[in-house]
K.L.:
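Below are the structure tokens for one structure; questions will follow.
Numbered from 1 within each chain, the chains take letters A, B, ... in sequence-line order. What you see below is based on every heavy atom in this structure, not just the backbone, and it leaves out hydrogens, waters and symmetry mates.
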Amino acid sequence: MLDIRFIKENIEAVRQNIADRYMKADADLAVSLHDTRNRLIRELEDARRRRNENAQAMKQPMEKAEREARIEEGRRLKETIAELEASLAATEARLNEELLKIPNMAHPDAPRGKEDKDNLEIKRCGEPTRFDFQPRDHVELGQLLDIIDFDTATRVSGTKFYYLKNEGVLLELALVRYALDHLMRRGFVPMITPDIAKTEILEGIGFNPRGAESNVYTLEGEGTCLIGTAEITLGGYHADSVLDASVLPLRYAGVSHCFRREAGAAGQFSKGLYRVHQFTKVEMFVYCQPEDSEKLHEELRLIEEEIFSGLGIPFRVVDTCTGDLGAPAYRKWDLEAWMPGRNGGEWGEITSTSNCTDYQARRLNVRYRDAEGKNRHVHMLNGTAIACSRAIIAILENFQQADGSVNIPPALVPYCGFDHIRPRV
RNA sequence: GGAGCGGUGUCCGAGUGGUUUAAGGAGACGGUCUUGAAAACCGCUGUACCGCAAGGUACCGGGGGUUCGAAUCCCCCCUGCUCCGCCA
């Protein structure tokens with residue numbers, strides 16, 4: 001969330017930002033709730049001060065009548081305090097609710113726009129793959145090679161699940177290891193995180209676990225959820241702590257399963273592996289000082305570019321427009337790979353990297369001690385290294401041959417132990 | 001999952017209703033002394049919020065309760081250790 005003091009001092013800019021991002025939030029309501037809260041705090045603290053003075057006075061011996069009067073005064077103050085505490089709690093709950101709706105400020109250079117079609121292509125690496133035969137999509141290839149089984153998964157687990165089989169398994173493991181090796185060379189600490197996290201951590205990261213449109217699976221009666229990304233567990237790693245400035249920037253590479261409800265998502269665009277309830281992902285996460293975050297954000301994007309150009313997959317980079325940013329992000333870049341089987345050939349998102357500045361750190365209470373000994377919120381950034389399911393789409397569809405076999409990108413061969421997958425059926 | 005014992009400041013650790021303003025110790029920081037250092041001695045010590053400020057309020061694992069007054073009494077929860085059960 002944003003700092004309420006920042007909102008007060010920049011109310012016009014905050015209003016404009018909410019409009020630019022096409023979000024429903026009321027900055028003026030937040031301000032007036034905060035004023036009410038402060039007034040209640042002053043009244044409450046005054047009442048508590050009088051209670052403390054009264055109790056302090058009762059340590060001394062005194063006349064019975066005076067003692068009785070003081071006890072009576074104490075009772076009265078106790079009631080006043082209870083009432084004020086209740087009003088304050090209600091006001092703070094409302095304030096918090098409103099603050100959660102207010103999105104992070106957007107980078108001044110982020111393109112203004114409403115939907116993903118307003119995103120700005122800023123770079124291309126490779127061009128759409130050309131075939132001298134009619135290319136198959138990954139669903140057909142997966143069946144032909146006997147490496148992905150959607151039908152059985154639908155029976156056992158439901159739609160949008162899949163089994164990986166045979167070389168498909170090794171391909172996924174190879175992608176994970178390929179990404180990890182790349183990141184470890186760049187100083188990232190590898191982690192396998194829990195696949196479940198507490199609701200308050202999700203909320204701190206900016207996910208909404210509740211509601212019909214939520215993309216999050218919650219675990220009944222536990223106060224926990226299945227994570228949709230290791231961003232959650234890596235961002236929660238340092239919750240409620242003060243980091244020493246000398247350890248920053250901290251770079252983590254988290255391997256996890258990701259679970260998404262994808263309620264209502266259906267149709268051509270979510271065919272096959274593109275939009276599934278469970279997949280494996282290697283996620284990058286960075287904690288840094290505020291002045292370094294823009295540079296590190298570029299570093300994350302460059303790592304993503306290296307990973308995918310290393311695989312030989314054609315992709316483009318888009319600068320995400322304000323309406324498509326998501327509340328926590330200050331700026332976001334997506335890599336979109338060429339997917340020949342997608343709607344007859346289309347760019348499809350394979351990675352996303354966001355600079356969330358201090359928006360997550362404020363709720364999660366992650367700070368560092370600066371040179372003057374003051375505690376300040378860190379900046380937090382995340383980025384996809386490899387989302388296995390989508391990377392597998394891009395590999396199968398771009399590296400397919402006329403006979404339905406698929407070549408393995410040379411960079412993955414040492415990890416796979418084979419350079420080719422042949423049809424089994 | 002069951003039983004027992006714990007959780008106090010940066011760390012160790014005392015504290016079973018009002019002289020606790022959280023003792024004492026260690027560490028860190030500042031100073032005296034010293035050519036310099038050590039030792040010794042003196043001083044100081046957290047976070048958040050409200051307030052223009054002076055100052056105030058809160059925080060002893062978390063939440064709720066009892067009381068004029070709670071680190072202290074009661075209830076619930078989290079968490080650590082030990083033992084038992086179960087288990088990959």
K.L.:
Salt bridge between A:R301 and A:E305, side-chain N to carboxylate O under 4.0 Å?
P.N.:
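Salt bridge between A:R301 and A:E305, a charged N being under 4.0 Å from a carboxylate O: yes.
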K.L.:
In whole Å, what is the span from the CG atom of A:D240 to the C1' atom of B:G62?
P.N.:
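Rounding to the nearest Å, CG of A:D240 and C1' of B:G62 are 12 Å apart.
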K.L.:
In whole Å, what separates the P atom of B:A26 from that of B:U47?
P.N.:
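After rounding to an integer number of Å, I get 23 Å for this pair.
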K.L.:
Considering every strand and a 4.0 Å limit on heavy-atom distances, what is the contact class for A:R5: base, sugar-phosphate, or nothing?
P.N.:
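It contacts sugar-phosphate atoms only.
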K.L.:
Please determine if a side-chain N or O atom of A:R50 lies less than 4.0 Å away from the OP1 or OP2 oxygen of B:G69.
P.N.:
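Negative; the distance criterion is not met.
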K.L.:
If we take the C1' atom in both B:U35 and B:U21, what is their distance in whole Å?
P.N.:
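Nearest-Å result for B:U35 against B:U21 at atom C1': 43 Å.
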K.L.:
Which is true for A:N52 with a 4.0 Å heavy-atom rule: it touches a base, it touches only sugar-phosphate, or it touches nothing?
P.N.:
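Contact class for A:N52: sugar-phosphate only.
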K.L.:
Any idea how A:Y178 and A:Y415 line up, ring-wise: parallel (<30°), tilted (30 to 60°), or perpendicular (>60°)?
P.N.:
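Ring orientation, 0 to 90° scale: perpendicular.
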K.L.:
Answer with base, sugar-phosphate or nothing: what part of the nucleic acid does A:R76 contact at a heavy-atom distance below 4.0 Å?
P.N.:
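Result for A:R76 = nothing.
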K.L.:
Is there a donor-acceptor contact under 3.5 Å from the side chain of A:S354 to the main chain of A:C356?
P.N.:
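Flag not set: sc A:S354 to bb A:C356 has no pair under 3.5 Å.
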K.L.:
Would you indicate what A:R70 reaches in the nucleic acid, counting non-hydrogen atoms under 4.0 angstrom: base, sugar-phosphate, or nothing?
P.N.:
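It contacts nothing in the nucleic acid.
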K.L.:
Taking the same atom, C1', in B:C5 and in B:G43, what whole-Å distance lies between them?
P.N.:
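Roughly 41 Å separates the two C1' atoms.
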K.L.:
Look at the side chain of A:E262 and the backbone N and O of A:H277, then say whether any donor-acceptor pair between them is shorter than 3.5 Å.
P.N.:
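Not confirmed, A:E262 side chain does not pair with A:H277 backbone.
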K.L.:
Rounded to the Å, how far apart are A:E43 CD and B:G51 C1'?
P.N.:
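My rounded result for the distance is 14 Å.
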K.L.:
Quick one: A:R48 CZ to B:A48 C1', roughly how many Å, whole number?
P.N.:
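Taking CZ of A:R48 and C1' of B:A48, I get 13 Å after rounding.
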K.L.:
Of the options B:G56, B:G51, B:G69, whose atoms approach the side-chain atoms of A:R49 most closely?
P.N.:
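Given the options B:G56, B:G51, B:G69, the side chain of A:R49 is closest to B:G56.
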K.L.:
In whole Å, what separates the P atom of B:C77 from that of B:A28?
P.N.:
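Pairwise P distance, B:C77 against B:A28, rounds to 43 Å.
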K.L.:
Could you pick out which residue, A:R37 or A:E45, lies toward the 5' side of RNA chain B when each is mapped onto its nearest nucleotide?
P.N.:
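Residue closer to the 5' terminus by nearest nucleotide: A:R37.
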K.L.:
For the backbone of A:K198 and the side chain of A:T224, can you confirm whether one donor and one acceptor N or O come within less than 3.5 Å of each other?
P.N.:
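Checked: no pair found.
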K.L.:
With the side chain of A:R369 defined as its heavy atoms from C-beta on, choose the nearest nucleotide among B:U57, B:U47, B:G69.
P.N.:
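So the nucleotide nearest the side chain must be B:U47.
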K.L.:
Select one nucleotide: of B:U47, B:U57, B:A58, the one nearest the side-chain heavy atoms of A:N375.
P.N.:
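The closest nucleotide is B:U47.
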K.L.:
With rounding to the closest Å, how many angstrom separate the P atoms on B:A22 and B:U10?
P.N.:
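Pairwise P distance, B:A22 against B:U10, rounds to 15 Å.
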K.L.:
Among the candidates B:U47, B:C68, B:C50, find the nucleotide nearest to the side-chain atoms of A:H34.
P.N.:
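Of the candidates, B:C50 comes closest.
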K.L.:
How close do A:A110 and A:T322 get, counting heavy atoms only, and between which atoms?
P.N.:
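Taking every non-hydrogen atom into account, O-CG2, 4.3 Å.
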K.L.:
Between C1' on B:C49 and CD on A:E85, what's the gap in Å once rounded to a whole number?
P.N.:
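Rounding to the nearest Å, CD of A:E85 and C1' of B:C49 are 15 Å apart.
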K.L.:
How many whole angstroms separate atom CG of A:N38 from atom C1' of B:U57?
P.N.:
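Roughly 13 Å, once rounded to whole Å.
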K.L.:
Using the P atom as the point on both nucleotides, what is the distance between B:U72 and B:G17, in whole Å?
P.N.:
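To the nearest whole Å, 11 Å.
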K.L.:
Look at all strands and tell whether A:R367 reaches a base, only sugar-phosphate, or nothing, counting heavy atoms closer than 4.0 Å.
P.N.:
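Answer is sugar-phosphate: A:R367 comes under 4.0 Å of backbone atoms only.
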K.L.:
With C1' as the reference atom in both, quote the distance from B:G13 to B:G6 in angstrom, rounded to an integer.
P.N.:
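These two C1' atoms come out 14 Å apart once rounded.
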K.L.:
Scan A:E73, A:R70, A:R49 and name whichever one has a side-chain hydrogen bond (donor to acceptor under 3.5 Å, both in side chains) with A:N54.
P.N.:
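Exactly one candidate clears the test, A:R70.
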K.L.:
To the nearest angstrom, how far is A:E79 atom CD from B:C68 atom P?
P.N.:
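These atoms are roughly 11 Å apart.
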K.L.:
Taking the C1' atom of each, how far is B:C76 from B:C83, in whole Å?
P.N.:
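Per the computed distance, 25 Å lies between those C1' atoms.
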K.L.:
Provide, to the nearest angstrom, the distance between the CD1 atom belonging to A:I41 and the C1' atom belonging to B:C50.
P.N.:
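Computing the A:I41:CD1 to B:C50:C1' distance gives 6 Å.
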K.L.:
Taking all atoms of both residues into account, what is the closest heavy-atom pair of A:L164 and A:G168, and its distance?
P.N.:
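Taking A:L164 first and A:G168 second, the nearest heavy atoms are CD1-O, 3.9 Å.
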K.L.:
Whole Å only: how far is the CZ atom of A:R75 from the C1' atom of B:G69?
P.N.:
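It works out to 12 Å between those atoms.
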K.L.:
Tell me yes or no: between the side chains of A:N96 and A:E92, is some donor less than 3.5 Å from an acceptor?
P.N.:
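No, no side-chain donor-acceptor pair sits under 3.5 Å.
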K.L.:
Both distances under 3.5 Å, Watson-Crick or G-U wobble: on that basis, could you give the dot-bracket string for RNA chain B, with [ ] for crossing pairs and | for other-strand partners?
P.N.:
((((((((.[[[..)..(.....]]](.((((.......)))).)(((((....))))).[[[[[..)....]]]]])))))))....
